[in-house]
Participant: 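Please find one structure pasted underneath; my questions will follow.
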Amino acid sequence: MSFTKARTMPGVMELLPLDQIALQNLLDTVRRNFERFGFLPIETPAIEFSNVLLTKSGGETERQVYFVQSTGSLKQGEVPELALRFDLTVPLARYVAEHEAQLTFPFRRYQMQRVYRGESAQRGRFREFYQCDIDVIGKDALSVRFDAEIPAVIHSIFSELKIGAFTIQLNNRKLLRGFFEQQGIADNQQQMLILREVDKLDKRGPGRVRETLTSADFGLSAEAVDAILAFVGTRSSGHQDALAKLAAIAADNESLRVGVAELREVLELVRAFGVPETNYALNFSIARGLDYYTGTVYETTLDAHPEIGSICSGGRYEDLASHYTRSKLPGVGISIGATRLFWQLQQAGLARRGQSHVQVLVAQMDAAELPRALGLATQLRMAGINTEVQLESKKLARQFQYADRAGIRFVVMQGADELANGTVAVKDLRRGEQFAVAEAELIKTLRVEIEQSRVMGDAALPAAAAVVAP
RNA sequence: GUGGAUGUAGCUCAGCUGGUUAGAGCACUGGAUUGUGAUUCCAGGGGUCGCGGGUUCGAAUCCCGUCUUCCACCCCA
C-alpha cells in the first residue's frame, strides 16, 4: 500500500495546539485593542467576484490572485468569475459601497480574516495569512485628526504585546510629492518609481539606493539624487525634534506646505492621544508601495529587531470606493499581518509557546472509582476550571506523562488513601511538587494555584519575551 | 517571471576517490513487579537514498533530464 505524502502547500502556516494558542492570544490582544478604540467588527466572504477584486487590473495584484471556480462551471480560456480576496481593503471598499445607506459615518470597522496571495515561496512569505485591519471611512471628508488616532491604537496594541521597544514611523505622501515637484520631478509615474526606491533606504542603505537612482533608468543628475537622499534621510528623535525638522523645510509649493501642516497636526495630536514620544518619529523615506495612499503613511518597527521590518503599516487614502460608487469616501487605516508577525516573533525568539487551556487532569486511580472522578471533574468545571478526566485505565506513570506532554500543569488524584481521609492529592507537574488538601478546599486551592501560575507565568519572563502569554 | 542552490528515517545530518545486509543523534513504541512525568538503563519499529533514464560486473555516490523545496530580484503583511 503506498501512501500519499501528507503535506501542506508551501506558504501556509499550520501550528501545534500550544503554538495555536499563542497565535490566538496574539489575535485576541489585537482584537481587544481594536474594540477599546471603538472599532466595530465586520467579516466579508473569502470569495468575491473577480471583477470586484480586480478593479485596478494589471500589475502585481492580478498576478497574485487565486481564481476560484467550481468544477461544474469550468470554462476554458475565460477568466473565472470568482477569486479569493488578496487583502481586506478592497473588500471593505466594496462593502462600504454596497451598504453605504445603512452605515453611519465616520464608519469605523475592524476586520481580522485570512487573505490569499499567489506568492512564490520564500521565508516569512505566506500564501494564506491573517490580516488585522482597522479603517475609518468618512463620507465626503475625513479630518486629518483621524490620522493621529491610528498611532494611538498601534501604541496600545504593541505595548500590550510586550515585544520590546517599537517606533511608529510617520511620513506624508503630499510632503514627498511636494518635495519632488520642488526638485522639478513633476511626472506622477516618475515620482512613484522614485518613491519605491526611496522606500528601500532603511533596508538597503543609501549606497545602493543612490546607485539605482543615478542609473540611466531614472535619468536623474547626481545633484538631484543627493538632494533626494538628503531629504528622505530625515529622521526625528523626540517630539520637539520632529517639529523642528518640519519647521526647517522651506515649503515653496502647495503640496509640500499641506504635507508639512498635516504632519504637524498629526504629531501634536499623537502626543495628545498619550503616545510616548519615544514611540513615534518622522521618517521621510517611508513611502509605502501601494498607489492609493495620498497623505499620512505609517510603518511600525521593533527597535531591537530591524531585520523584521515593518510589523504594522498603513495610511490615508482620498477615495476608497471610487470604482464602485460616485460617493467620495476618504479613509485612513492600517493592517497588521498577524501570521507573518507571529512567525517573525517566533524566529526572533520573542514568542513563546502558549499554555494549554486544560488546567487540570483528574487521574484515574482505580477503574471502579471512575464515576467519582467524573463527579469531581464536574465540580471543577462548574467552578470555571478547565478539566479533563483520564478515561482509560493506564498506569499512573503514563497518566503523568500524558499530562506533561499535553502541557497540563495540575493532576488531581483521589485514590484509596485520599478517600480514606477525605482529601485530594494535587501534583504540580511544572514544579514537581505534590500536596494534599481537604476535598472541600480543592476548588479554592486550585483557583489560587492557577491564578499564581498565570501571574508568575508572565513575570518569570524577560519583558520582551511575553508576547503570547495568556 | 529571471538568476542561484537543494533533495539520504518523523526531524537534524553522516556516508572518503563507485564495492557486501545504508548509519548516528533526537523523536517514536515497549520494558526495568504493587500509586508518580520530563532525567537513567535495556530492547524494538521505521528509509523504493526525490523521480526517470544512462555509464558500470556493481550507483546514495558519476552523467543527463525532471520534479521539489529553499535563497536573491520583483512585490508585499
Side-chain angles (χ1 to χ4, degrees), chain A residues 1-3 5-11 13 16 26 30 58-65 85-89 111-133 192-193 195-197 199-200 203-204 208 212 287-291 293 298-301 308-315 333-345 361 363-367 369 390 393-420 425-436:
Chain A
M1 159 117 192
S2 77
F3 292 105
K5 190 166 171 83
R7 58 180 196 136
T8 58
M9 70 175 212
M13 176 181 270
L16 296 174
L26 172 73
V30 172
E60 268 321 291
T61 43
E62 188 150 20
R63 221 177 77 187
Q64 295 196 339
V65 163
R85 60 171 171 232
F86 53 85
D87 71 6
L88 298 178
T89 307
Q111 194 170 351
M112 300 170 57
Q113 294 190 274
R114 288 200 274 212
V115 304
Y116 300 85
R117 288 185 195 175
E119 296 273 0
S120 59
Q122 223 174 111
R123 270 174 82 76
R125 199 65 84 80
F126 294 92
R127 290 176 173 171
E128 175 187 71
F129 59 96
Y130 272 101
Q131 279 198 332
C132 307
D133 277 32
M192 285 307 303
L193 288 175
L195 279 184
R196 288 211 176 132
E197 282 314 308
D199 200 41
K200 295 167 187 162
K203 217 192 282 180
R204 291 188 181 170
R208 286 188 58 189
T212 314
R288 313 284 309 124
L290 295 174
D291 302 352
Y293 292 121
Y298 321 92
E299 256 181 33
T300 304
T301 49
I308 287 180
S310 172
I311 53 176
C312 164
S313 51
I334 45 154
S335 180
I336 300 173
T339 302
R340 181 193 269 186
L341 174 61
F342 181 72
W343 186 86
Q344 301 265 39
L345 293 176
L361 173 72
Q364 187 185 129
M365 308 301 285
D366 175 2
E369 295 293 343
Q390 175 71 32
S393 300
K394 286 221 170 110
K395 292 168 68 170
L396 194 58
R398 293 274 164 235
Q399 301 187 32
F400 276 109
Q401 197 177 62
Y402 168 75
D404 184 48
R405 288 184 186 175
I408 305 170
R409 181 162 180 179
F410 298 102
V411 177
V412 162
M413 292 163 282
Q414 196 171 33
D417 299 351
E418 288 80 13
L419 281 170
V426 178
K427 173 134 179 176
D428 178 342
L429 287 181
R430 197 172 310 162
R431 273 188 304 199
E433 289 170 6
Q434 185 171 329
F435 55 90

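The figures here come from the full heavy-atom set of this structure, side chains too, leaving out hydrogens, waters and symmetry mates. As the structure is a computational prediction, the values presented were derived from the model and not from experiment.
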Participant: Using a 3.5 Å distance criterion without hydrogens, assess whether the side chain of Arg125(A) forms a donor-acceptor pair with backbone atoms of Arg340(A).
Facilitator: no
Participant: So, is the end of the Lys427(A) side chain (NZ or CZ) under 6.0 Å from the ring centre of Phe400(A) and within 45° of the ring's axis?
Facilitator: yes
Participant: Would you classify Gln399(A) as touching base, sugar-phosphate or nothing, given that sugar-phosphate means primed atoms plus P, OP1 and OP2, and contacts are heavy atoms under 4.0 Å?
Facilitator: nothing
Participant: Does Arg125(A) make a side-chain donor-acceptor contact with the base of rC70(B), cut-off 3.5 Å?
Facilitator: no
Participant: When the C1' atoms of rG52(B) and rA9(B) are considered, how many whole Å apart are they?
Facilitator: 23 Å
Participant: Looking for any heavy atom pair under 4.0 Å, which part of the strands does Ala403(A) touch: base, sugar-phosphate only, or nothing?
Facilitator: nothing
Participant: At under 4.0 Å between heavy atoms, what does Arg398(A) touch on the DNA or RNA strands: base, sugar-phosphate, or nothing?
Facilitator: sugar-phosphate
Participant: Nearest to the Glu418(A) side chain among rG35(B), rU36(B), rG37(B), which nucleotide is it?
Facilitator: rG35(B)
Participant: Determine the Euclidean distance between corresponding P atoms of rA14(B) and rU61(B); express it in Å to zero decimal places.
Facilitator: 16 Å
Participant: Using only heavy-atom distances, decide whether a donor-acceptor pair under 3.5 angstrom links the side-chain of Arg340(A) to the base of rC76(B).
Facilitator: yes
Participant: Find which nucleotide of RNA chain B each of Arg204(A) and Ser310(A) is nearest to by heavy atoms, and output the residue with the more 5' nucleotide.
Facilitator: Arg204(A)
Participant: With heavy-atom distances below 4.5 Å as the criterion, would you say the side chains of Gln131(A) and Gln111(A) are in contact?
Facilitator: no
Participant: When all nucleic acid strands are considered with a 4.0 Å heavy-atom cut-off, which category describes Gly432(A): base, sugar-phosphate, or nothing?
Facilitator: base
Participant: Mind listing the closest non-hydrogen atom pair of Thr339(A) and Glu128(A) along with its distance?
Facilitator: CG2-O, 4.4 Å
Participant: To the nearest Å, give me how far apart CZ (Arg208(A)) and C1' (rC73(B)) are.
Facilitator: 9 Å
Participant: What closest approach, in Å, do Leu396(A) and Ala363(A) show between heavy atoms, and which atom pair accounts for it?
Facilitator: CD1-CB, 4.2 Å
Participant: Taking all non-hydrogen atoms of both residues into account, name the closest pair between Val411(A) and Ala403(A) and its distance.
Facilitator: CG2-CB, 3.8 Å
Participant: Taking all atoms of both residues into account, what is the closest heavy-atom pair of Arg127(A) and Pro10(A), and its distance?
Facilitator: CD-O, 3.3 Å
Participant: With no hydrogens and no angle check, is any side-chain donor or acceptor of Gln364(A) less than 3.5 Å from a backbone partner on Gln390(A)?
Facilitator: yes
Participant: With a 4.0 Å cut-off on heavy atoms, is Asp417(A) in touch with a base, just the backbone sugar-phosphate, or nothing at all?
Facilitator: base
Participant: Starting the side chain at C-beta, find the nucleotide from rA38(B), rA77(B), rU69(B) nearest to Pro10(A).
Facilitator: rU69(B)
Participant: How many Å lie between CZ on Phe86(A) and C1' on rA77(B), as a whole number?
Facilitator: 13 Å
Participant: Which is true for Glu299(A) with a 4.0 Å heavy-atom rule: it touches a base, it touches only sugar-phosphate, or it touches nothing?
Facilitator: nothing
Participant: Which atom pairs link the protein and nucleotides 2-10 of chain B when you take only N or O atoms and keep those under 3.5 Å?
Facilitator:
none

Participant: Count the heavy atoms of every other residue, nucleotide or ligand shown that sit under 6.0 Å from NZ of Lys203(A), and state whether that count exceeds 12.
Facilitator: no
Participant: Taking the nucleotide of RNA chain B with the closest heavy atom to each, which residue, Ser313(A) or Met9(A), is nearer the 5' end?
Facilitator: Met9(A)
Participant: Please name the pair of heavy atoms, one in Ile336(A) and one in Ile311(A), separated by the smallest distance, quoted to 0.1 Å.
Facilitator: CG2-O, 3.7 Å
Participant: Quick one: stems for RNA chain B, with Watson-Crick or G-U pairs under 3.5 Å, at least three in a row?
Facilitator: B:1-5 with B:69-73, B:10-13 with B:23-26, B:28-32 with B:40-44, B:50-54 with B:62-66
Participant: Ring of Tyr402(A) versus six-membered ring of rG37(B): centres under 5.5 Å and planes under 30°?
Facilitator: no
Participant: With a non-hydrogen cut-off below 4.0 angstrom, is Lys200(A) in contact with a base, only sugar-phosphate, or nothing?
Facilitator: sugar-phosphate
Participant: Nearest whole angstrom, please: distance from the C1' of rA77(B) to the CD of Gln64(A).
Facilitator: 11 Å
Participant: Should Arg127(A) be listed as having a side-chain N or O under 4.0 Å from OP1 or OP2 of rC75(B)?
Facilitator: no
Participant: Under 4.0 Å, counting only non-hydrogen atoms across every strand here, what does Ala416(A) touch: a base, just sugar-phosphate, or nothing?
Facilitator: base
Participant: When you compare rG65(B) with rU29(B), how far apart are their P atoms, in angstrom units rounded to a whole number?
Facilitator: 45 Å
Participant: So if I take every side-chain heavy atom of Phe129(A) and compare against rC75(B), rA77(B), rU36(B), which nucleotide ends up nearest?
Facilitator: rA77(B)
Participant: Do side-chain atoms of Arg117(A) reach the backbone of Phe86(A) as a donor and acceptor pair under 3.5 angstrom?
Facilitator: yes
Participant: If only side-chain N and O atoms of Lys395(A) are considered, is one of them under 4.0 Å from the OP1 or OP2 phosphate oxygen of rG37(B)?
Facilitator: no
Participant: Looking at Gln364(A) and rG35(B), is any side-chain donor or acceptor paired with a base atom of the opposite kind under 3.5 Å?
Facilitator: no
Participant: Can you figure out which of rG35(B), rA77(B), rG37(B) approaches the side chain of Lys427(A) most closely?
Facilitator: rG37(B)
Participant: Counting only side-chain nitrogens and oxygens, does Arg405(A) get under 4.0 Å of the OP1 or OP2 atom of rC28(B)?
Facilitator: yes
